[in-house]
Amino acid sequence: MNKDLDIYVLIKQVPDTRSKAGVNPDGTIDRAKAGKMLNPFDAFALQAGLNAKKMGGPNSRLFAVTMGPPPAIDILYQTLEHGADATCILSDRRLAASDTLATAYALCRTLEYLFKKNGRKADLIFCGLQTTDGDTAQVGPEISERLDFTQVTYCEDFSISDNLLHAKKIIEGGTQLVSAELPALVTIANSYTKLKFKSLRGAQFVQDVKRASKEEQAKYVEIIDLDKCEADEMRCGLNGSPTIVSKTWKIGVVGGNCKMHQGKAASELVSEVFKDAVMLKEFVKI
Amino acid sequence: MAGEVLVVAEQVNSQVANVTLELLGEGKKLARKLGSPLSCFVIGHNMEAAVDAVIRAGAEKVYLADHPELAEYKTLHYRRVILDELSSWATPPHTLLMGSTTTGRDLAPRVAAFFETGLTADTIELDIGPYEHTSGIDQTKIGYFPECLYASRPSFGESLKARILGPWKDPQMATIRPGVFAKPEMLTEKPEGVEIKKVAINFQPSDYRITIKETLRELEGKIDITAADVIVAGGYGLGSADGVNLLKDLAACFENSVVGASRKIVDLGWMTYPYQVGQTGKTVRPKIYIACGISGALQHRVGMQKSELIIAINRDPDAPIFSFADQGIVGDVYHVIPEMIKQLQEKNTSKLAELKVK
Ligand SMILES: Cc1cc2nc3c(=O)[nH]c(=O)nc-3n(C[C@H](O)[C@H](O)[C@H](O)COP(=O)(O)OP(=O)(O)OC[C@H]3O[C@@H](n4cnc5c(N)ncnc54)[C@H](O)[C@@H]3O)c2cc1C
Ligand SMILES: Nc1ncnc2c1ncn2[C@@H]1O[C@H](COP(=O)(O)O)[C@@H](O)[C@H]1O
């Protein structure tokens with residue numbers, strides 16, 4: 001039997017790109033118009049956390065943590081429905097415009113605050129592979145560097161024995177089996193098991209929490225700011241970000257003069273194109 | 001003077017990855033603009049041929065960490081040799097580049113976090129240029145910076161491309177996907193006088209916390225769409241998973257060809273992830289790219305726009321794909337593709353006839 005494990009899942013709320021709302025025809029997103037959802041990659045991380053909790057001893061605990069504006073509390077409630085024990089959100093205006101390094105710093109301060117509060121350090125931290133809005137896959141490894149945890153990225157499957165995480169991970173052109181000592185930070189690939197449906201009991205529990213007093217709610221959804229987790233504001237947000245976006249623009253059209261073929265029978269359109277696209281001939285199989 | 005432009009090489013079985021050579025080609029341009037040397041950090045075991053390759057690709061200085069423990073990529077061991085070496089430099093590199101591969105994405109953020117420096121992911125363009133920072137709460141950041149690394153990448157927000165920079169701290173870091181830049185012309189002879197510095201190796205007990213049990217690389221069955229000359233890619237316009245067969249039939253008409261996919265149909269499960277082209281999939285630059293029922297969203301485009309010849313089939317004449325394709329066919333994929341196959345096969349029979357006459 002494994003020892004009791006303290007497991008943390010890092011999740012983020014991102015604009016919802018599943019529906020058409022707020023998605024422009026060219027694929028860009030209008031954040032103001034788009035709905036919000038749990039970063040789809042983080043759903044896999046949550047399932048990994050739930051599975052890891054079962055692998056640990058009977059007093060294992062699962063915590064979900066996010067950084068973002070207050071509406072992100074929604075995704076914390078989702079994790080409670082699925083079986084997380086407690087959650088925490090770091091929310092502070094001074095975090096605006098954080099790049100990955102500043103985000104990793106702030107999340108580390110939050111994690112360390114929780115380690116203290118929960119009486120011990122994490123055994124495992126699960127992250128999604130990447131977010132759909134930031135889309136860097138950097139926040140996880142930047143956190144493991146700061147915390148001096150071992151790290152397994154692109155994890156597809158895992159088990160735990162003694163103090164070791166045994167993982168199957170994606171590498172260039174194949175897969176690899178590795179063992180990493182705990183504490184470890186793991187980023188979960190989207191080939192991992194899909195998030196299972198929430199249980200009725202979980203849904204009922206969240207209904208009860210939402211109706212409970214503020215104090216009772218805070219036991220399950222704690223809201224903290226930079227002061228509470230003793231984060232240095234100069235290392236957060238725009239101040240703490242070593243990078244900035246200096247300019248944005250529409251990408252210039254590369255080809256720009258597409259020869260259009262239209263308004264004729266398919267056979268004619270195709271023979272026109274084959275006449276124009278001389279290069280094709282070189283590659284046609286004999 | 002600005003520090004070096006340093007490319008961290010990637011290798012499998014002591015062989016340098018293509019992305020490393022591509023980065024050396026692009027890194028050379030940055031180095032010339034800065035007036036700095038282009039250097040390359042080679043990590044592995046039995047790396048003579050690799051060192052030779054990076055020099056012939058343009059590296060003017062090589063840092064070599066050669067050790068049996070480094071034969072396979074391992075997060076903590078590789079991290080150790082890079083951090084130890086760079087920490088000992090009086091002037092850090094100006095620019096540090098890595099491939100945005102499973103390896104680069106594992107390692108680059110650890111290096112960036114250690115040095116508390118900026119890292120731009122999945123960059124599609126690199127340059128050196130000036131920047132003036134005029135306002136901000138942090139007064140120490142204000143100033144004029146003549147030589148910043150410009151790293152541009154598609155952005156999620158309203159605008160299409162974002163230039164990201166961070167001149168306050170060196171190294172200025174970026175990861176770049178394989179295939180974004182062209183491979184440089186390789187010198188046939190190794191130039192004289194390239195300095196090869198053997199770096200000190202001091203593994204710590206904590207570096208051994210991760211061990212590799214088994215590595216499985218499926219070399220035969222491996223799908224690598226980046227090596228094909230012709231890609232027949234499909235999008236949501238195919239209408240259903242069955243449409244993928246149509247793509248395969250068309251691809252079968254060409255030599256060294258493969259099928260590709262937009263993310264939408266990968267998400268729908270019509271095709272699998274190794275076939276995905278675009279920002280979160282593969283970057284490809286085949287000779288011919290045939291886009292069938294793909295709208296041409298930015299995130300798809302950045303993965304294929306450097307193809308030599310782009311032929312697009314879409315029934316919507318206003319589809320964004322027509323703004324950057326070379327040849328556009330406005331029509332239904334179910335009419336156009338079978339017609340293409342038919343005409344290509346006719347060509348074959350006529351070619352065969354020609355051959356027989358000879
Ligand atoms: C962070 C992020 C990363 C992303 N990464 C990628 C990526 O790596 N790769 C990628 O591809 N996308 C990516 N996307 C998604 C991208 O924005 C688009 O949503 C996606 O490329 C659209 O796929 P599509 O062109 O197949 O589908 P659609 O946009 O739905 O287009 C279908 C096209 O088919 C045409 N059509 C319909 N029926 C027919 C017919 N019978 N015959 C001919 N034409 C027809 C339609 O006119 C339309 O133009 C990403 C998005 C985000 C936010
Ligand atoms: N604001 C955030 N709050 C909590 N976790 C985050 C946040 N941003 C990123 N992460 C975690 O880091 C992973 C990678 O994010 P990214 O580097 O933005 O692609 C995500 O899948 C999350 O697990």
Side-chain angles (χ1 to χ4, degrees), chain A residues 26-31 99-101 104 133 135-138 141-142 145-146 150-151 153-154 170-181 234 238-239 242-243 245-251 253-255 258-262 266-267 269-271 273-274 276-277 279-280 283-286, chain B residues 75 101-102 105-106 109-110 113-114 117-119 121 131 137-138 155-156 158-166 168-169 209-218 222 229-230 253-255 297-299 305 309 320 322-331 335-336 339-340 343-344 347-348 351:
Chain A
D26 62 6
T28 57
I29 278 89
D30 187 339
R31 279 184 193 252
D99 71 0
T100 58
L101 194 83
D133 60 346
D135 189 26
T136 76
Q138 286 170 191
E142 290 190 333
E145 177 64 28
R146 278 186 189 283
T150 61
Q151 153 183 324
T153 51
Y154 289 89
I170 305 172
I171 56 169
E172 290 309 295
T175 52
Q176 199 168 53
L177 304 178
V178 300
S179 293
E181 280 178 28
M234 293 311 278
L238 199 55
N239 290 325
T243 61
V245 175
S246 74
K247 188 180 166 186
T248 56
W249 64 95
K250 298 221 167 201
I251 293 190
V253 171
V254 205
C258 182
K259 178 136 187 219
M260 298 297 281
H261 307 270
Q262 56 187 315
S267 60
L269 297 177
V270 168
S271 47
V273 169
F274 283 176
D276 286 341
M279 219 170 88
L280 266 180
F283 299 96
V284 179
K285 246 190 209 157
I286 304 181
Chain B
T75 312
T101 57
T102 49
R105 284 174 137 208
D106 189 83
R110 292 214 61 141
F114 180 85
T117 194
L119 171 60
Y131 173 67
I137 309 171
D138 190 349
S155 80
F156 187 79
E158 288 88 317
S159 10
L160 296 186
K161 193 167 63 172
R163 174 190 290 161
I164 296 170
L165 50 80
W168 300 280
K169 181 98 183 240
R209 285 177 294 169
I210 308 176
T211 49
I212 297 176
K213 297 295 175 201
E214 199 180 337
T215 301
L216 309 146
R217 282 201 177 83
E218 320 121 32
K222 193 184 133 194
D229 284 324
V230 181
C253 299
F254 299 101
E255 302 279 359
L298 170 77
Q299 295 88 358
Q305 60 187 356
L309 171 70
F322 291 131
S323 67
F324 60 96
D326 300 295
Q327 297 284 335
I329 303 178
V330 181
H335 297 143
V336 178
E339 186 60 34
M340 281 187 156
Q343 294 195 19
L344 288 167
K347 274 209 178 87
N348 285 350
K351 265 194 198 170

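Atoms considered below: every heavy atom in the structure, side chains included; atoms not considered: hydrogens, waters and symmetry mates. Proteins come first, then strands; the chains are lettered A, B, ... in the order of their sequence lines, and each starts at number 1. Model, not experiment: these values are computed from the prediction.
Ion pairing of B/R110 with A/E145 is present here, as a side-chain N (NZ or NE/NH1/NH2) and a carboxylate O approach within less than 4.0 Å.
Most heavy-atom pairs under 4.5 Å with chain A: of the set B/V230, B/T101, B/L309, this distinction falls to B/T101. The choice from B/V336, B/T75, B/L344 that makes the most heavy-atom pairs within less than 4.5 Å of chain A is B/L344. Interface remark: of the candidates B/T211, B/I329, B/D229, B/T211 forms the most heavy-atom pairs closer than 4.5 Å to chain A. For the set A/T243, A/L177, A/N239, A/L238, the count of heavy-atom pairs under 4.5 angstrom toward chain B peaks at A/L177. Interface summary for chain A: among B/G328, B/C253, B/A113, the most heavy-atom pairs under 4.5 angstrom belong to B/G328. For chain B, the option among A/D99, A/I170, A/L101, A/T100 with the highest count of heavy-atom pairs below 4.5 Å is A/L101.
Between the CD atom of B/E339 and the CG atom of A/L269 there is a distance of 9.0 Å, given to the nearest 0.5 Å. Of the inter-residue distances, the one linking A/T175 atom OG1 with B/L216 atom CG reads 4.0 Å to the nearest 0.5 angstrom. Here CG of B/D326 is found 10.5 Å from CG of A/D276. Values are rounded to the nearest 0.5 Å. Once rounded to the nearest 0.5 Å, the distance linking CH2 of A/W249 with NZ of B/K161 reads 5.0 Å.
Remark: the backbone N or O of A/S267 is paired with a side-chain donor or acceptor of B/Q343 at under 3.5 angstrom. B/Q327 places no side-chain N or O within 3.5 Å of a backbone atom of A/C258 that could act as its donor or acceptor partner. Side chain of A/E172 to backbone of B/T102: a donor-acceptor contact under 3.5 angstrom is found.
Taking the side-chain hydrogen bond (donor to acceptor under 3.5 Å, both in side chains) definition, one finds that A/Q262 meets it with nothing, sequence neighbours left out. Residues satisfying the side-chain contact (heavy atoms from CB on, under 4.5 Å) test with B/I212, not counting sequence neighbours, are A/Q176, A/V178, B/E72, B/K74, B/T215.
Looking at heavy atoms from C-beta onward, A/K285 lies out of side-chain contact with B/F254 at the 4.5 angstrom threshold. A 4.5 Å side-chain heavy-atom check between A/V284 and B/E255 finds every atom pair outside the cut-off. Inter-residue side-chain proximity for A/Y154 and B/R105 is flagged as met; some heavy-atom pair is nearer than 4.5 Å.
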**Request:** Carefully, step by step, assess A/T248 and B/R163 under the rule side-chain contact (heavy atoms from CB on, under 4.5 Å).
**Result:** CA-CA 6 Å; A/T248 56; B/R163 174 190 290 161; over 6 Å; no

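For the residue pair A/S179 and B/K213, the shortest heavy atom distance occurs at OG-CE, 3.1 Å. In plain terms, the two heavy atoms of A/A180 and B/I210 that are nearest each other are CB-CG1, 4.1 Å. Taking each heavy atom of A/T150 and B/R209 in turn, the nearest pair found is CG2-CB, 3.4 Å. For B/L165 against A/S246, the heavy-atom pair with the smallest separation is CD2-OG, 3.4 Å.
Heavy atoms closer than 4.5 Å to chain A are found in the side chain of B/Y131, but not in its backbone. Using a 4.5 Å cut-off between heavy atoms, A/M260 touches chain B through backbone and side chain atoms alike. Proximity to chain B (any heavy atom under 4.5 Å) is shown, for A/A104, by neither the backbone nor the side chain.
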